[in-house]
Asker: 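Provided herewith is a single structure, encoded as structure tokens, for subsequent inquiry.
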Protein chains: 4
Amino acid sequence: MLKITRANFLPIEKSEFPELCERKGIGHPDTVCDAVADACSRALCLYYLEKFDRVYHHNVDKAALVGGTAKPEYGGGQIIQPQYFLIVGRAINQILRECSDGTNKLEYIPIPTICIETQREVLSKIFRNLDLNKDIQFDYAVRPGSIDLTGVFDESHHSEEIPLANDTSFGVGYAPYSDVERITLEAEKLINSNKFKDKCPASGEDVKVMTERMGNEIGITVAAAMISKYINDASEYVSYTNQIKEAVLDLAADIIPERDISCQVNVADNIEKGIIYLTITGTSAEAGDDGEVGRGNRANGLITPCRTMSLEAVCGKNPINHVGKLYNVLGTEMAREIVKRGQGDIIEAHVKLLSQIGRPITDPWVNSIELIPADNVNFDSAKRIAEEVSAEKLSKEYFFDLRKRLIAGEVQVF
Amino acid sequence: MLKITRANFLPIEKSEFPELCERKGIGHPDTVCDAVADACSRALCLYYLEKFDRVYHHNVDKAALVGGTAKPEYGGGQIIQPQYFLIVGRAINQILRECSDGTNKLEYIPIPTICIETQREVLSKIFRNLDLNKDIQFDYAVRPGSIDLTGVFDESHHSEEIPLANDTSFGVGYAPYSDVERITLEAEKLINSNKFKDKCPASGEDVKVMTERMGNEIGITVAAAMISKYINDASEYVSYTNQIKEAVLDLAADIIPERDISCQVNVADNIEKGIIYLTITGTSAEAGDDGEVGRGNRANGLITPCRTMSLEAVCGKNPINHVGKLYNVLGTEMAREIVKRGQGDIIEAHVKLLSQIGRPITDPWVNSIELIPADNVNFDSAKRIAEEVSAEKLSKEYFFDLRKRLIAGEVQVF
Amino acid sequence: MLKITRANFLPIEKSEFPELCERKGIGHPDTVCDAVADACSRALCLYYLEKFDRVYHHNVDKAALVGGTAKPEYGGGQIIQPQYFLIVGRAINQILRECSDGTNKLEYIPIPTICIETQREVLSKIFRNLDLNKDIQFDYAVRPGSIDLTGVFDESHHSEEIPLANDTSFGVGYAPYSDVERITLEAEKLINSNKFKDKCPASGEDVKVMTERMGNEIGITVAAAMISKYINDASEYVSYTNQIKEAVLDLAADIIPERDISCQVNVADNIEKGIIYLTITGTSAEAGDDGEVGRGNRANGLITPCRTMSLEAVCGKNPINHVGKLYNVLGTEMAREIVKRGQGDIIEAHVKLLSQIGRPITDPWVNSIELIPADNVNFDSAKRIAEEVSAEKLSKEYFFDLRKRLIAGEVQVF
Amino acid sequence: MLKITRANFLPIEKSEFPELCERKGIGHPDTVCDAVADACSRALCLYYLEKFDRVYHHNVDKAALVGGTAKPEYGGGQIIQPQYFLIVGRAINQILRECSDGTNKLEYIPIPTICIETQREVLSKIFRNLDLNKDIQFDYAVRPGSIDLTGVFDESHHSEEIPLANDTSFGVGYAPYSDVERITLEAEKLINSNKFKDKCPASGEDVKVMTERMGNEIGITVAAAMISKYINDASEYVSYTNQIKEAVLDLAADIIPERDISCQVNVADNIEKGIIYLTITGTSAEAGDDGEVGRGNRANGLITPCRTMSLEAVCGKNPINHVGKLYNVLGTEMAREIVKRGQGDIIEAHVKLLSQIGRPITDPWVNSIELIPADNVNFDSAKRIAEEVSAEKLSKEYFFDLRKRLIAGEVQVF
């Protein structure tokens with residue numbers, strides 16, 4: 001059921017309630033969980049495809065990152081107890097294959113090995129100062145799924161047919177990013193870029209950016225785990241956090257120049273009392289914080305309480321028929337394409353997709369698109385663009401392509 | 001900053017997009033995680049209060065419920081591998097006390113024992129057919145927090161002073177429940193009531209209710225784990241799931257009589273192929289599913305994608321200064337009180353609260369209330385009610401009372 | 001190769017080196033590991049037999065009992081952190097069965113459930129004051145064996161044929177018990193008898209008895225975990241440990257009346273300094289000690305450094321072809337039977353059995369029997385008795401009967 | 001009590017019972033546990049010494065090495081599930097220190113980090129083909145000891161005083177090695193030497209050598225885990241195992257030339273059936289076997305059922321006052337020195353040492369030395385040598401030196 005309507009709300013840039021937006025950076029415990037969970041799903045897909053030429057049922061969308069215990073000090077410090085990463089889920093771990101001679105043979109999928117290797121690989125890419133051999137332990141609790149669910153999955157995966165939705169679920173997307181959202185996203189990317197780290201190695205990867213806007217005033221609050229071995233005293237600490245602040249302000253001046261910007265870094269610090277955000281490894285998980293999958297950024301990289309959000313965790317879900325994953329990504333891609341094709345005529349596009357268990361994923365039960373056309377733009381022409389995009393994206397070809405891109409890790413999911 | 005405005009959107013009962021609502025029942029893996037996490041926080045509070053006359057820093061808002069492996073069959077079946085429950089978090093585990101003779105003495109808080117006992121107790125209250133001695137394992141990974149965070153917490157907990165917000169965070173609440181929300185909430189409660197279980201012991205506690213409304217048509221989809229030992233064949237299975245369906249339809253006829261209702265139970269079943277939702281223990285976690293904290297119901301008991309929602313997990317957070325918990329509960333209680341005092345004059349109230357780290361919790365940085373007055377009702381009179389309620393709820397007395405009620409487990413948080 | 005010789009050493013009662021003997025009581029961490037490991041093997045045997053009418057390969061002869069943390073006090077105290085029991089081993093966990101319709105079906109053996117239930121059951125029988133719901137956690141790491149070993153096992157288990165030895169291994173047995181050994185064994189049994197516990201509930205099950213003899217002087221040292229809730233002060237503590245001492249002395253006066261006996265209980269105590277052996281649960285594993293399989297009593301219930309001992313852990317090994325188990329039990333039973341039939345003519349019998357991998361278990365590679373005939377007894381008549389007994393015990397019938405008794409738990413193995 | 005006697009048994013080389021001896025090589029699961037446990041104790045000692053200038057109480061003499069699941073194939077294969085190593089024990093993990101300003105400060109000892117680093121380091125030194133990042137997981141369960149035991153330990157460690165025995169315990173040693181023992185020990189060392197591995201990389205580190213002697217015939221049985229990636233087919237497999245056999249035979253011809261030697265490698269192999277001892281990593285723990293501390297070699301590197309053996313695990317125990325460790329090493333060093341000083345006059349020396357809890361370790365309760373003088377040698381002169389050596393070794397200086405050597409890892413303990 002496609003339904004395209006004119007939005008009955010104001011564009012976000014004009015909304016009255018203070019706009020609020022947050023990004024948990026790539027080193028935040030929740031984001032680390034998301035990254036590992038999704039990488040595990042991708043690694044499983046690749047293994048299944050390589051060995052069996054198809055993907056088997058799996059769902060590794062849960063994890064626990066248990067923070068460690070640490071005693072950072074200027075110039076160094078000590079990890080007392082390592083972090084512990086547990087990936088949790090379901091995956092088909094053996095296949096009963098008929099051999100050419102008529103006998104049956106069990107083939108084993110090395111789920112534990114795949115998970116552990118993936119955890120390590122993902123963390124090695126995220127962190128520059130985490131010793132994977134002693135600062136963290138890797139563990140897995142990925143068990144074979146129920147016969148029941150496996151059956152349902154199988155029916156929709158055998159062939160080149162359109163998969164059936166695994167659940168009744170809700171996905172959502174919108175475009176474009178607001179100024180607040182852009183600066184939130186880009187500020188984190190900047191701080192975690194190699195370029196910035198080269199200049200400011202004392203800045204860790206666990207960066208949380210929270211931005212709020214009231215009228216034209218935008219306040220950016222950065223919580224940045226600083227790395228002790230590069231910092232010898234309080235004045236160096238202050239100097240490095242200031243470097244972060246300056247970089248963010250420069251970025252904002254560049255990408256949202258009309259806004260009135262302020263920026264604070266590590267507001268809970270109390271330098272005199274020695275309360276600072278110092279870590280050995282660059283993440284709060286070394287001592288103060290834990291993580292789970294699905295508790296941080298949505299598929300577009302942000303937490304946006306002023307926008308419609310889905311609670312569905314996207315990461316770790318299989319990319320074949322798990323609508324909790326597919327419809328959130330699809331919604332965002334649809335909205336972006338609509339705005340793009342509008343060439344300025346469409347101010348905002350909001351897409352809500354509702355699946356029904358067992359229904360082909362190309363045929364959502366509800367496909368609701370809300371548009372905000374630009375002033376003086378005819379709604380019908382905007383609507384036609386949306387119809388066009390919707391038809392394209394809800395095709396078998398699109399889903400097969402999306403699947404490939406998801407497995408290749410080319411789609412942002414956190 | 002208090003800001004009370006007239007909502008620029010329609011009442012939910014009149015909204016055009018299909019209304020959607022979900023409740024994960026008390027036996028759903030995510031809800032079980034929420035229940036245990038919050039019970040652990042309450043148990044810690046009680047222990048700290050009893051021994052030290054104050055609450056110490058803790059945050060046990062993460063968990064992993066790893067599903068087991070099982071082979072249910074009509075009349076019984078077999079648990080192959082138990083579930084595994086890991087509670088994750090931070091808690092002060094030792095206090096250095098000065099004795100009267102001037103010496104120092106370390107007192108230990110038995111965090112592991114408290115957690116394990118609480119897990120067991122909570123699960124024993126939820127499940128009627130889960131053998132806690134062999135169908136599940138209990139584990140803990142609750143470590144001492146960072147010295148840093150502990151310090152911040154301490155400053156705001158010593159005395160009868162108003163705590164300072166632990167974070168910059170966002171809470172939200174609204175009232176009243178829509179018809180869809182009421183039936184979703186009540187249907188789950190009914191199915192999990194002792195009364196219904198007495199009549200239909202074959203119905204397990206892992207019940208998921210998903211309701212959608214298009215115009216006046218409301219469709220209720222129930223996923224109910226059925227219990228194998230009470231079910232001898234397919235016809236009994238069908239008869240028991242029909243019992244659930246009838247009970248829900250009767251309830252709906254009673255509480256939302258004007259609606260056009262349909263109800264389906266276990267839609268993924270395929271009786272002929274033997275694909276049914278059969279379990280030994282009454283929960284999908286015995287074989288097919290896993291859980292985490294904060295991935296299910298919001299503080300008002302529901303997942304409501306059509307409403308503004310906070311991603312914050314409420315369960316397991318400390319009830320002293322964790323605004324992620326307090327402001328979500330507060331928002332809901334404020335909205336309910338406003339609507340109640342409106343005595344029909346206020347159709348809907350929506351409250352959004354934004355804290356700032358270090359600011360007194362009684363003084364949110366943003367306190368935005370949106371109201372939908374009834375037709376012919378003067379907005380200003382509605383606004384006055386909201387102002388009054390807001391002032392009452394943001395008092396020290398209210399927070400101290402809320403803390404007590406939270407510790408006593410008297411407040412709905414999932 | 002049977003070889004029966006006259007021993008070239010003195011009877012133990014006449015040996016010059018101080019005789020030394022130890023028994024780790026049923027509540028000692030190492031003994032608990034032995035008890036659980038062997039019970040797990042028995043439970044697996046019973047399950048395999050019930051479902052498949054044969055035993056499948058398994059070997060669960062490893063475990064770790066990680067002690068907890070506790071703070072006992074007169075009258076009570078507190079468990080800070082529970083004990084943790086991990087059973088470790090190998091067991092066939094799935095069988096690919098051909099069905100009557102020609103299809104194949106995988107049948108799962110619930111190894112985890114069997115292990116966890118057995119752990120709980122064994123501990124509930126050992127301890128009177130250990131709360132299995134909060135003082136200890138149960139876990140398992142029993143994995144499928146290598147295809148290789150499984151194959152070897154299978155060849156020798158299919159039928160009613162004589163199994164082939166799984167390894168080149170050494171077993172040993174002797175008879176009779178010396179006075180020192182009898183009192184060591186019986187003292188522990190007495191202290192852990194229901195009768196004694198009724199009189200002295202303050203005595204826990206973790207009892208270690210160490211006995212040494214120099215000439216006619218026998219010194220018995222008992223380390224007995226005392227239970228705090230039954231003991232209100234130091235004088236009660238002393239009174240209860242004295243009760244143990246008196247009971248042991250009475251027993252010794254009864255069963256080895258000619259010896260000059262002394263007995264000490266908890267020699268490391270220093271009452272003035274408050275250093276006493278107080279526990280909440282009756283075992284040192286609550287705080288001070290850990291356990292493993294095979295680190296305590298040999299198959300005859302004792303540690304006897306003055307006798308030839310096998311290092312092989314008997315507990316947890318399969319009773320079909322694991323000579324590390326069978327030959328130690330067999331050696332002891334042979335020696336006992338030889339002495340018994342000797343009717344006083346044979347003072348001591350010592351049996352050493354050496355298997356060779358792949359050789360029928362009824363045909364040990366070496367079967368060496370050393371005898372000490374009584375004075376004036378003809379060695380040849382003693383030898384004939386030994387030959388007779390050896391032939392009987394090395395029969396297929398004997399091994400099949402031994403297997404049954406082992407599975408039924410009727411044979412002492414620790 | 002020193003007691004030096006003439007042995008009432010024959011020299012081992014003349015004993016009638018088939019001599020039997022076994023060495024579990026450095027890659028055997030039990031030996032790996034021993035190696036890690038002892039390395040952890042040494043690492044703890046070094047840490048304590050560096051930070052606090054004394055050693056604190058610890059005892060890490062338990063561990064579980066849970067074997068993995070693997071599917072080796074000629075040329076490679078796959079690890080399905082990694083091994084899991086759990087080190088178990090007790091160690092003081094925090095010290096309450098008085099600061100110069102009168103305040104107290106808790107200092108934390110990073111036990112978990114020390115254990116995990118040590119596990120990894122030890123395994124990296126043992127194995128050439130084990131990927132420590134994916135073939136094995138490292139874990140720890142080392143908890144603070146009981147206040148009780150800690151107290152006892154402390155009394156004997158404060159200063160330069162002679163420690164008191166921690167237990168009533170038994171240690172044993174003898175010299176020299178018999179021919180069987182020498183070849184057993186040296187064969188394993190040879191096969192695991194870099195030189196041999198360079199020539200025969202297909203040979204893994206999990207080598208078990210079992211040797212038996214009947215009269216002059218010595219049979220050596222080697223179980224050698226072969227490494228799949230270096231072996232492409234059955235003929236290569238046979239060629240490599242033959243290489244091991246030839247090397248052992250050459251060694252025997254060299255060091256025990258008068259003996260009649262035979263050697264078999266991997267006797268359970270059945271090449272036709274494809275049953276061979278193939279591994280990916282060089283250890284049976286990848287799939288078929290598990291390990292514990294104290295279940296393998298005694299302190300002299302061997303399992304010798306024909307000799308008096310202590311069941312005490314030496315590895316992982318603290319080197320300060322744990323007589324279970326000290327007296328086994330001491331016994332062996334005493335026996336060796338006696339034989340050495342005998343310059344051919346003393347054929348064998350056997351030392352048995354018995355401690356008593358609380359007695360100075362330099363003053364064993366029983367110190368029994370049995371000597372076999374050479375023919376025509378006067379027993380009294382042998383006795384004088386033994387007295388001399390005994391006095392030297394039981395000195396404070398000797399124990400302090402032994403402690404240093406143990407901490408430095410210079411003493412063979414497994």
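In the text below, chain A, chain B and the rest are named by the order of the sequence lines, each starting its count at 1.
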Asker: Can you confirm whether D:L86 sits close enough to C:Y84 that some side-chain heavy atom of one is under 4.5 Å from a side-chain heavy atom of the other?
Answerer: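 A side-chain contact under 4.5 Å exists here.
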
Asker: For the residue pair C:V66 and D:R90, what are the closest heavy atoms and their distance?
Answerer: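 Minimum heavy-atom separation between C:V66 and D:R90: C-NH2, 4.3 Å.
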
Asker: Tell me which of these, C:A63, C:G67, C:P72, has more heavy-atom pairs under 4.5 Å with chain D than the rest.
Answerer: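 The residue among C:A63, C:G67, C:P72 with the greatest pair count is C:G67.
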
Asker: For D:T5, is it the side chain, the backbone, both or neither that has a heavy atom under 4.5 Å from a heavy atom of chain C?
Answerer: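 When you check distances to chain C, only side chain atoms of D:T5 fall under 4.5 Å.
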
Asker: C:T69 and D:R143: which non-hydrogen atoms are nearest, and at how many Å?
Answerer: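 Where C:T69 meets D:R143 most closely, the heavy atoms are OG1-CB, 4.4 Å.
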
Asker: Non-hydrogen atoms of chain D under 4.5 Å away: do they reach the side chain of C:D61, the backbone, both or neither?
Answerer: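 C:D61 touches chain D through backbone and side-chain heavy atoms alike.
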
Asker: How long is the span from the CH2 atom in C:W365 to the CD atom in D:E212, to the nearest 0.5 Å?
Answerer: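 Here the rounded value is 3.0 Å.
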
Asker: Quick one: closest heavy-atom pair of C:E292 and D:K62, and the distance?
Answerer: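 Answer, listing the atom of C:E292 first, then D:K62: OE2-CA, 3.1 Å.
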
Asker: Can you sort out the partners of C:Q94 under side-chain hydrogen bond (donor to acceptor under 3.5 Å, both in side chains), two or more places apart, ordered by chain and number?
Answerer: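 For C:Q94 the side-chain hydrogen bond (donor to acceptor under 3.5 Å, both in side chains) partners, ignoring immediate neighbours, are A:Q94.
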
Asker: What part of C:L354 gets closer than 4.5 Å to chain D, counting heavy atoms only: side chain, backbone, both or neither?
Answerer: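 Just the side chain, heavy atoms under 4.5 Å.
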
Asker: Checking C:E312 against D:I303 for the side chain to side chain contact (heavy atoms under 4.5 Å, CB included) test, could you report, in this order, the C-alpha distance in whole Å, the side-chain angles of both residues, the deciding distance, and whether it holds?
Answerer: CA-CA 10 Å; C:E312 278 286 348; D:I303 300 168; over 6 Å; no

Asker: Quick one: CZ on C:F170 to CG on D:L20, what's the gap to the nearest 0.5 Å?
Answerer: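 CG of D:L20 is found 6.5 Å from CZ of C:F170.
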
Asker: With a 4.5 Å heavy-atom cut-off, do D:M210 and C:I357 have their side chains touching?
Answerer: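 Result no, sub-4.5 Å side-chain heavy-atom pair not found.
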
Asker: Which atom pair, heavy atoms only, marks the closest approach of C:A64 to D:V88?
Answerer: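 The pair with the smallest heavy-atom distance is CB-CG2, 4.2 Å.
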
Asker: Determine the option with the most heavy-atom pairs under 4.5 angstrom with chain D, choosing from C:P305, C:S368, C:G358, C:G296.
Answerer: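 The answer is C:P305.
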
Asker: Just so I understand: if I count every heavy-atom pair under 4.5 Å between each of C:R298, C:Q356, C:R307 and chain D, which residue has the most?
Answerer: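 Greatest number of close heavy-atom pairs with chain D: C:R298.
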
Asker: Over all heavy atoms of both residues, which pair between C:V293 and D:R295 is shortest? Give the atoms and the distance, please.
Answerer: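 Residues C:V293 and D:R295, closest heavy atoms: O-NH1, 2.8 Å.
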
Asker: Specify which of C:K352, C:K3, C:M309 makes the most heavy-atom pairs with chain D at under 4.5 Å.
Answerer: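 Winner by heavy-atom pair count: C:K352.
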
Asker: Do you know which of C:G68, C:C306, C:S310 has the most heavy-atom pairs under 4.5 Å to chain D?
Answerer: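 Heavy-atom pairs under 4.5 Å are most numerous for C:G68.
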
Asker: Which heavy atom in D:V366 sits nearest to a heavy atom in C:M214, and how many Å separate them?
Answerer: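 That closest heavy-atom pairing would be CG2-CE, 3.5 Å.
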
